[in-house]
Amino acid sequence: AQKVTQAQTEISVVEKEDVTLDCVYETRDTTYYLFWYKQPPSGELVFLIRRNSFDEQNEISGRYSWNFQKSTSSFNFTITASQVVDSAVYFCALSEAGNTDKLIFGTGTRLQVFP
Amino acid sequence: EPEVTQTPSHQVTQMGQEVILRCVPISNHLYFYWYRQILGQKVEFLVSFYNNEISEKSEIFDDQFSVERPDGSNFTLKIRSTKLEDSAMYFCASRKGVAMNTEAFFGQGTRLTVV
């Protein structure tokens, strides 16, 4: 069965600190997709990144970077030089290849960035 | 930029009443979903819809729930007889293609409060 674990319930940092949000997933499929979504205080879900299981290249987008390691079933997300606007709940999600491609979400990590 | 639109943003209803949550997915998308998020908890899959029929539903999606795409643009979620435990944020999402190539875009959510 598929499962996503985000062990960090809440993280607090001071602005400009780097922070890493952990995500560990479980799946029996060899083909799957991983996602990160951001949920700011306004409540909407904002897509951040998609990573396919056959593509283990890490990715950097501005202050955001993602580290995908199949060997440890992890897809961690790092924010460099955090800002107050980064304060949100971050969800990691898994989708297995199939008819529906539904998302299985982790429980989320609440990030608070203080000035 | 195209977006998924949900109405209303907030709905308060009495227990036992029927509610219809409305969504307008992105126009060229083919896959449609409803998810829900009970306050402070993770986002949970309810149902997926493709080619004018339900492709998958979760255990949460019992006989009290139904979905429709009545006119080719709207995508609705109906709860026939609401219960207190149906209080949650309901998210509609749409996807252009399969997860290998595309990501799901979410609406801003409808907060349903059952009293």
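Order of the sequence lines sets the chain letters (A, B, ...), proteins ahead of strands, with each chain counted from 1.
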What part of B/Gln37 lies closer than 4.5 angstrom to a heavy atom of chain A: side chain, backbone, both or neither?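 Side chain of B/Gln37 only, per the 4.5 Å heavy-atom cut-off to chain A.
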
Which atoms of B/Gln41 come close to chain A, meaning under 4.5 Å heavy atom to heavy atom: side chain ones, backbone ones, both, or neither?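 When you check distances to chain A, only backbone atoms of B/Gln41 fall under 4.5 Å.
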
Would you check if the side chain of B/Tyr35 reaches a backbone N or O of A/Leu103 as a donor-acceptor pair within less than 3.5 Å?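 Checked: pair present.
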
Is the ring centre of A/Tyr37 less than 6.0 Å from the ring centre of B/Phe106?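 Yes, the ring centres sit under 6.0 Å apart.
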
Pick from B/Glu56, B/Gln108, B/Gln6 with the largest number of heavy-atom pairs that fall under 4.5 Å of chain A: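 Between B/Glu56, B/Gln108, B/Gln6, the count favours B/Glu56.
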
Mark yes when over 12 heavy atoms from residues, nucleotides or ligands other than [X] sit less than 6.0 Å from its [atom1]; otherwise mark no.
| X | atom1 | answer |
| --- | --- | --- |
| B/Glu85 | CD | yes |
| B/Asp63 | CG | no |
| B/Lys83 | NZ | yes |
| A/Ile60 | CD1 | no |
| A/Glu10 | CD | yes |
| A/Lys3 | NZ | no |
| A/Arg110 | CZ | no |

Measuring from atom [atom1] of [X] to atom [atom2] of [Y], what distance do you get when rounded to the nearest 0.5 angstrom?
| X | Y | atom1 | atom2 | value |
| --- | --- | --- | --- | --- |
| B/Lys42 | A/Phe105 | NZ | CZ | 10.5 Å |
| B/Met89 | A/Glu44 | CE | CD | 9.0 Å |
| A/Arg51 | B/Glu103 | CZ | CD | 12.0 Å |
| B/Phe91 | A/Leu45 | CZ | CG | 4.0 Å |

Verify same cluster id: B/Ile60, B/Val114 (apolar side-chain graph, 4.5 Å):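 Hydrophobic grouping puts B/Ile60 with B/Val114.
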
According to a 4.5 Å side-chain heavy-atom criterion applied to Ile, Leu, Val, Met, Phe, Trp and Tyr, with indirect links allowed, do A/Phe75 and A/Tyr33 form part of one hydrophobic cluster?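 Different clusters.
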
Do A/Lys102's NZ or CZ and the ring of B/Phe45 fall within the cation-pi criteria of under 6.0 Å and 45°?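 Yes, a cation-pi geometry.
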
What's the shortest heavy-atom distance between B/Arg95 and A/Ser95, and which atoms?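 Nearest heavy atoms, B/Arg95 then A/Ser95: NH2-OG, 4.4 Å.
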
Give me the atom names and distance for the closest heavy-atom approach of A/Phe35 to B/Thr102.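 Heavy atoms only, the tightest pair is CE2-O, 4.3 Å.
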
Chain B contact via A/Gln39 - which portion, at a heavy-atom distance below 4.5 Å: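 Side chain only.
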
